[in-house]
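First the structure, in the form of structure tokens, and then the observations on it.
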Amino acid sequence: MNPPDNGVASFQPVHRPDGSATYTCPLTGFNVLGAVNAPIELPARRDALKPEEATLEVFVKPATSSPAVGERYVEGILRNLLGAIILGREKGFPRRGVVLTLAVLEGGDSKATGRGSSYLTLLPALLHTALLALLSASVPMSMYFTTTIIAVTPSGEIICKPSIKDADEAASVHVLAFSSKGHLLLTESEGSFDFDTWEKVHDRALTICHLPEEASAGNGKVEYAVGSTWQKWLAESVEDYIGFKYAYEFA
Amino acid sequence: MVPSAATPSLSLPPAQFASLQPHAYLLAHLSPPALSNQPSIRANGRSPSQFRATSANAGSLTHANGSAVVRLGDTAAVCGVRAEILHTDDIASWSVSSSTGAGNKRRKLSGEDPEDPEESQIQDLNLLVPNLSLSTGCAPGFIPGAPPSALAQSLSHQLLTLLHTSRLVRTDDLRIWYDVPDLEGAGQETGEAMDVDVVDKESSLKQPRKREIKAFWVLYIDVMIVSLAGNVLDAAWAAVLAALRDTKLPRAWWDVDAESVLCSNRVDEARSLLLRGLPVCSSFCVFEADAAAGWRAVVLPTSIEMEQNKQQQRWILADPDGYEEGLTQERMCIVLDKDQSGNPVIVRMEKNGGWTVGKEDLRQLVDVSAQRWEEMKTVLKW
């Protein structure tokens, strides 16, 4: 059902956590399993918890090694991004925890998670898995997001679907995330580039990630634009899952 | 008129107001009443795009190869660079990788110095080892005996990736060579290590002398945050820059008889590193007037609606101090260098944690960062 170029998602592959999802990134080949427990009590450090909202904890487990400083860094990125969109003050959430665990099952090249290497190629897969797992656990969010990776070659050519090899050879690599309402939520760019290049990358990424406004502004019923954006893919994946899970309701 | 003791005043001293109602306090400074004719200014007296006074002092530690102390307002970072020797015999994959010469060329820059084909050795062999420690007592939350916090770990990683992506240090500066002596004249019987069978005269004239890498310098770059008052990354990175610029490596060579690397103890033979460019890191945060910025059960305006009505009150604050960092979620970080003709080249750009900053704001921030580059150039005496 999913378009093959937008990755493969499955919901609830594991049953013990409140919500879980696996996702295979079509670009980089990373396969990530995400699990969410929310809201749960975090008994260990009650005094460190914020009294007015939920504490978000993210753990990333790489495919072949044990977690190290690079994982701490990418956990920080995920925590900042998700912390801005999760409604941690909903009833039942304050003083409790949202615990997100992401495990890279397989993927790409083992070099991509080496010491001191850039985490950008793995980031889109982690972000999409995190979102799907949070959706699966029914964690309230103010909006959702879609993300993509774009590489720019030394000659200035923009590659929208870079493989890991492309990203290695590129002059600059960019990961951008857009909210479901078209805000720029995240940009992580590395390499050597000028602002005009980034602007082109931004505009390209926006068309890949986000539905045009007029297309989504139907009355209650979402109408899709031509072409497959990440947003369309995400909506369809979730629709399929809900259709499957609540089949008895619709029957 | 001083209020008398009989009528207790309902006003609070500023320091109390600041700790009781931090958000309202900063907001009152940034949006003064229209009648008062006061400029919008931050609680710390700076304008929104103003950085704190920065000072750098190189060569502060005597036992390190290079060192620097950088102060950014009340944030102080000490950085020491220690060079140690890594023999190629101790590199497990050395014989394989050097014979095939397989090194993927990363991040080629056009129009620069002739590319070193083995430039990626810095990354492949981990020749740069930065570490950042948030020392006990640098800020109230740091207790003795605790393991490195997630913040310190992620900052260490950021320093390392910045060193790699900016390609600041040249691999060639870190190589220790062995000039294989030309044994042709001395007679064939002593040509022990020469794999080259017979070198005829013409090629030996044309060819430079055969050289072999025998060891590498590994630079241990330790950053210690003595005092933490916001914006750690800018201070730490500036300290790394200043310390690397101060670093002097002694002349080292391979001694065949001793079968080890020897170093000269003469100061005039030591050489500095030739650094590529000056990537300067500038951080920003966004302060939102809406006190409940983290709590948005209401339907958010779309990006297009946000552009149409600029009612959304928010300020982009450069170089946030600790007080401001506690009140903001959205962060931006731009690492920028300038090429020979003075055009800004972005090495890294990050934005995370919110949705109020768009494309146009980032363009302005790049301009602010370019100005900051000029400031830092004079501060670091580059």
Side-chain angles (χ1 to χ4, degrees), chain A residues 52-53 68-77 79-81 83-85 87-90 111 114-119 140 142-143 154-155 165 168-174 176-195 197-199 202-203 206 210 213, chain B residues 104-110 123-124 126 128 130 148-158 160-161 163-167 292 294-306 329-332 337 343-359 362-363 366-367:
Chain A
E52 74 280 3
E53 61 180 8
V69 287
E71 280 69 38
R72 292 291 102 70
Y73 171 64
V74 81
E75 283 164 10
I77 294 178
R79 204 164 39 235
N80 284 344
L81 175 62
I85 60 169
L87 295 171
R89 303 189 188 190
E90 286 286 350
K111 259 191 109 173
R115 181 178 167 278
S117 57
S118 153
Y119 236 94
S142 57
M143 49 192 169
S155 58
K165 191 168 164 289
D168 266 355
E169 289 165 355
S172 60
V173 183
H174 311 258
L176 294 98
F178 293 92
S179 76
S180 49
K181 305 209 169 186
H183 311 97
L184 175 65
L185 274 179
L186 166 106
T187 168
E188 295 277 333
S189 307
E190 250 179 34
S192 163
F193 56 101
D194 54 6
F195 192 82
T197 311
W198 183 83
E199 197 170 12
H202 171 277
D203 295 345
L206 186 62
H210 185 62
E213 283 306 318
Chain B
N104 58 336
K105 294 167 199 165
R106 292 174 60 90
R107 311 260 185 266
K108 270 201 273 184
L109 289 179
S110 52
Q123 188 159 359
D124 296 342
N126 290 322
L128 299 175
S149 61
L151 175 68
Q153 292 184 43
S154 89
L155 283 166
S156 296
H157 178 78
Q158 271 172 294
L160 181 59
T161 48
L163 284 168
H164 286 163
T165 48
S166 64
R167 301 156 70 253
W295 167 235
R296 311 241 191 195
V298 288
V299 177
L300 285 161
T302 63
S303 56
I304 292 173
E305 283 165 18
M306 267 172 63
Q329 267 197 312
E330 192 167 3
R331 300 284 155 78
M332 280 83 63
D337 198 355
N343 297 320
V345 177
I346 306 172
V347 177
R348 168 125 139 214
M349 185 157 76
E350 296 185 340
K351 174 223 128 90
N352 198 355
W355 52 82
T356 58
V357 168
K359 206 165 56 174
L362 280 171
R363 179 184 288 279
V366 170
D367 293 342

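In what follows, chains are A, B, ... by sequence order, proteins preceding strands, each numbered from 1. Because only heavy atoms are used, hydrogens play no part in the values below, and waters and symmetry mates are left out as well, while side chains stay in.
Using cut-offs of 30° and 60° on the angle between ring planes, the pair A:His183 and B:Trp355 is tilted.
Residues satisfying the side chain to side chain contact (heavy atoms under 4.5 Å, CB included) test with A:Asn80, not counting sequence neighbours, are B:Asn352. When the side chain to side chain donor-acceptor pair (under 3.5 Å) test is applied to A:Glu199, the partners found at least two apart in sequence or on another chain are B:Arg363.
Considering every non-hydrogen atom in both B:Gly354 and A:Ala84, the closest pair reads N-CB, 4.1 Å. Nearest heavy atoms, B:Gln153 versus A:Val69: O-CB, 3.6 Å. B:Lys359 approaches A:Phe195 most closely through the heavy-atom pair O-CZ, 3.5 Å. Shown here for B:Val345 and A:Ser192, the closest heavy-atom pair between the two residues is CG1-OG, 3.4 Å.
Between chain B and the options A:Leu185, A:Ile77, A:Val74, A:Ile85, heavy-atom pairs under 4.5 Å are most frequent for A:Leu185.
Note: A:Arg72 CZ to B:Ser156 OG = 11.5 Å, rounded to the nearest 0.5 Å. With values rounded to the nearest 0.5 angstrom, A:Ser172 atom OG is found 10.0 Å from B:Met349 atom CE. In this structure, the separation between CG on A:Asp194 and CG on B:Asn343 is 8.5 Å, given to the nearest 0.5 Å.
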What verdict does the side chain to side chain contact (heavy atoms under 4.5 Å, CB included) test give for A:Leu184 and B:Lys351, after you've listed the backbone C-alpha separation in whole Å, the side-chain angles of each residue and the deciding distance to 0.1 Å? CA-CA 9 Å; A:Leu184 175 65; B:Lys351 174 223 128 90; 4.0 Å; yes
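Using a 4.5 Å cut-off between heavy atoms, B:Leu163 makes no contact with chain A at all. Both the backbone and the side chain of B:Val347 come within contact range of chain A, judged by heavy atoms closer than 4.5 Å. Contact annotation for A:Ser179: neither backbone nor side-chain heavy atoms come within less than 4.5 Å of a heavy atom of chain B. Proximity to chain B (any heavy atom under 4.5 Å) is shown, for A:Leu176, by neither the backbone nor the side chain.
Between B:Thr161 and A:Glu190 there is a side-chain heavy-atom pair separated by less than 4.5 Å.
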